[in-house]
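Right, one structure below, let's go through it.
Since we're looking at a predicted model, the values are computed, not measured. Just so you know, residue 1 is the first one in the sequence shown, and it goes up from there.
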Amino acid sequence: MANSWDPEYVVSKEKAKELIEVQFPELAPAKIADLGKGYDKTVYLVNARFVFRFPRRKIAVVLLNTEGRLLPVLAGTLPLSLFCRA
């Protein structure tokens, strides 16, 4: 019997590195560090600066898509520029 906490999908550090370098070539070579794992996402710190989250279950894909639609709408209302450096 499967454990309910077992992920449906696993994105390893190696796979995360490959996906990030293909989609964000400016980050290559990407240095990947484990940041954490939860019920629905695996999180990596990339180049000691960026956080990438990968879904561990189908529901997380839906949640990330919703977040992706909402963040641009909220961006102008949040004081993130205080913390971001280009």
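Interatomic distance, CG of Leu63 versus CG of Asp40, reported as 6.0 Å (0.5 Å rounding). Between the CG atom of Leu71 and the CG atom of Leu74 there is a distance of 6.5 Å, given to the nearest 0.5 Å. The distance from atom CZ of Phe52 to atom CD1 of Ile32, rounded to the nearest 0.5 Å, is 7.5 Å.
When all heavy atoms are compared, the tightest approach of Pro55 to Leu64 is CD-CD1, 3.8 Å. The heavy-atom pair separating Pro29 from Glu21 by the smallest distance is CA-OE2, 3.3 Å.
Stacking of Arg57 on the aromatic ring of Tyr39 is recorded, both the 6.0 Å distance cut-off and the 45° axial limit being met.
No side-chain donor-acceptor contact under 3.5 Å links Lys41 to the backbone of Arg53. Between the Glu8 side chain and the Lys58 main chain, a donor and an acceptor come within less than 3.5 Å of each other. Side-chain atoms of Asn47 come within 3.5 Å of backbone atoms of Lys31 as a donor-acceptor pair (strictly under, hydrogens ignored).
Within the 4.5 Å cutoff, the side chain of Phe54 has heavy atoms near those of the Ile20 side chain.
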Discussion item. Assess the residue pair Val51 and Tyr44 against the criterion (side chain to side chain contact (heavy atoms under 4.5 Å, CB included)); give the C-alpha distance rounded to whole Å, side-chain angles, the decisive distance to 0.1 Å, and a yes or no.
Written reply: CA-CA 6 Å; Val51 174; Tyr44 295 110; over 6 Å; no
Worksheet entry | Residues Leu19, Gln23; criterion side chain to side chain contact (heavy atoms under 4.5 Å, CB included); working and verdict | CA-CA 6 Å; Leu19 291 168; Gln23 296 179 48; 4.1 Å; yes
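The number of heavy atoms from other shown groups lying within 6.0 Å of NZ (Lys37) does not exceed 12.
Residues Val46 and Phe24 share a hydrophobic cluster, clusters being chains of Ile/Leu/Val/Met/Phe/Trp/Tyr side chains in contact below 4.5 Å. Placement of Leu45 and Leu27 in two distinct hydrophobic clusters is found when ILVMFWY residues are connected by side-chain heavy-atom separations under 4.5 Å, directly or transitively. Under the 4.5 Å side-chain heavy-atom criterion for ILVMFWY residues, no single connected hydrophobic cluster contains both Val43 and Phe50.
Remark: Glu18 engages Lys15 in a side chain to side chain contact (heavy atoms under 4.5 Å, CB included) (not counting sequence neighbours).
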